[in-house]
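First comes the structure, then the notes that go with it.
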Amino acid sequence: GQETAIAEFPAAYLDGGAGYQQGWIRDLVCGDTHTSAYVLVNFIEEGESWFSKSHIIEIDLTTLTFSVLSEPAPGPWLVMHIALDDNNIVGLHDISPREPLSNISLADGTRTILAPGLAVGGVELDPELSSNIVYVATFDGIERIDVNTRTSENISVVSPDHPLAFAQVRAIGFDAPNNRVIVGDSALDALISVDVSTGERSDLVSRRIGSGAPLIAPRSVVLSADASRAWVADDGGNLAERLFEIDLATGDRRSVGNIILPYNFTIRGLAVDEPNRKAYIAFHHVIIEIDLNTELARDVVHVDTSFLQSISSMIHDAANDRLLIGDALADAIYSLELESGTIRLISRDGDRGDGEPFETIVS
């Protein structure tokens, strides 16, 4: 468990040259058959906001000497992830735009294109070039790239609401003896095993308690009146938004809300009308009602068709059958009458009520 510094990067190897900012270390790869470690360093051109050039730095682990394995010639070359094979490093450009895979020879740093003409995009990769295969993890599954035939096949297709749909892939590795790909996902908090022959996914290592789809990005919790259950609004991060009902005795999770929104919207509030079996989920631009019996969802208010500007918080006022809504841009509290759909101003500086003005309502 003791940490020891192996080597410190000389400043020269983080220097991208004239017109570039100091480099960012993006990736490190090494293996039990290699005597060197390889580090991907990316550079941002002055005046730009994203990486535009990559170097691969070789560190000889015996002598602790540094050298540049791959120079950006004849022009700037960019990858976001690298993976190590026996005699090569394979570079993955990014999810978007999709570009060919790059191959870098460990012997002399020569760069070539793997599977020319085939566009490849993804999050992490692992090459098996002895079999002419590269595995690429994407949010849609595992792409199996045949670099000889220049073809790509998703070998593990699942629906976005599958319990083991990838949400935040951090690592991928091919386990040849067991013919499976192992994916590490930080949002699922698990290692997922994917059978290469069948595409079937299963937990390899997981700390989850209870059955059902995992929580990815839970934002709001409401307890039932008897405190036996919790409703949790989960915006899914890179996956679909979901409303869960959780049995607090067992930890079992059940999806009870069919929310159809583009991914990556952040949930701002959750309110539950338990006697009437209704739940309300707020995003910055819309409030959605979910019937807990049918799981059907409908919009009840949208900022484009009201004078709301940016919903930032919401609670259920059961006594008056209404929602109270905090608006961070308007610095105001509104009510939404659930039966009529009428929106009324409750409190805002200069319009209704005395006291200090609100400044960015959050809760």
Side-chain angles (χ1 to χ4, degrees), residues 49 167-168 187 215-225 230-246 255-292 294-363:
S49 59
Q168 195 66 61
L215 300 173
I216 302 297
R219 304 288 182 183
S220 297
V221 180
V222 173
L223 288 178
S224 63
W231 288 278
V232 178
D234 188 311
D235 62 43
N238 292 312
L239 296 183
E241 300 83 1
R242 286 180 287 194
L243 176 64
F244 287 98
E245 186 177 274
I246 298 178
S255 178
V256 294
N258 183 23
I259 308 169
I260 307 300
L261 280 179
Y263 306 161
N264 296 314
F265 277 115
T266 300
I267 289 173
R268 303 297 181 88
L270 168 66
V272 177
D273 180 355
E274 192 173 351
N276 293 310
R277 299 289 294 164
K278 304 285 186 183
Y280 300 89
I281 297 179
F283 298 83
H284 81 95
H285 65 302
V286 65
I287 296 175
I288 296 173
E289 178 193 84
I290 296 175
D291 187 311
L292 293 175
T294 66
E295 301 183 15
L296 295 178
R298 70 179 184 92
D299 293 359
V300 293
V301 67
H302 198 288
V303 296
D304 290 342
T305 56
S306 70
F307 45 77
L308 297 173
Q309 297 180 49
S310 180
I311 300 165
S312 58
S313 185
M314 177 184 68
I315 62 171
H316 181 233
D317 176 5
N320 295 291
D321 192 31
R322 64 184 180 176
L323 298 175
L324 297 179
I325 302 166
D327 190 311
L329 284 183
D331 288 326
I333 297 174
Y334 298 96
S335 70
L336 171 64
E337 313 296 329
L338 290 174
E339 184 173 346
S340 66
T342 302
I343 299 177
R344 291 189 171 91
L345 178 65
I346 297 296
S347 184
R348 182 172 60 194
D349 184 49
D351 288 317
R352 192 168 192 271
D354 296 326
E356 292 292 320
F358 299 123
E359 185 177 352
T360 313
I361 295 169
V362 295
S363 180

Working to the nearest 0.5 Å, report the span between CZ of Arg268 and OG of Ser313. 10.0 Å
Is the closest basic N to carboxylate O distance between Lys278 and Asp291 below 4.0 Å? yes
In terms of side-chain geometry, is the basic nitrogen of Asp234 or Arg242 positioned less than 4.0 Å from the acidic oxygen of its partner? no
Interatomic distance, CD1@Ile267 vs CD1@Ile281, rounded to 0.5 Å, equals 5.0 Å
Distance, nearest 0.5 Å, that separates OG of Ser220 from CH2 of Trp231: 14.5 Å
Look only at the side chain of Asp299 and the backbone of Val301, and say whether a donor-acceptor pair between them is shorter than 3.5 Å. no
Nearest-0.5 Å distance, CG of residue Leu323 to CD1 of residue Ile287: 5.5 Å
Is any side-chain heavy atom of Ile333 closer than 4.5 Å to one of Ile361? yes
Criterion side chain to side chain contact (heavy atoms under 4.5 Å, CB included) on Leu270 and Leu243, from CA distance to verdict: CA-CA 9 Å; Leu270 168 66; Leu243 176 64; 3.9 Å; yes
Using the six-membered ring wherever Trp is involved, compare the ring planes of Phe307 and Tyr334 and label them parallel, tilted or perpendicular (cut-offs 30° and 60°). tilted
Show your working on side chain to side chain contact (heavy atoms under 4.5 Å, CB included) between Asp304 and His285 and close with a plain yes or no. CA-CA 8 Å; Asp304 290 342; His285 65 302; over 6 Å; no
Spacing of CG belonging to Leu308 relative to NE2 belonging to His284, to within rounding of 0.5 Å: 12.0 Å
Nearest heavy-atom neighbours spanning Phe265 and Asp235: O-CB, 3.1 Å
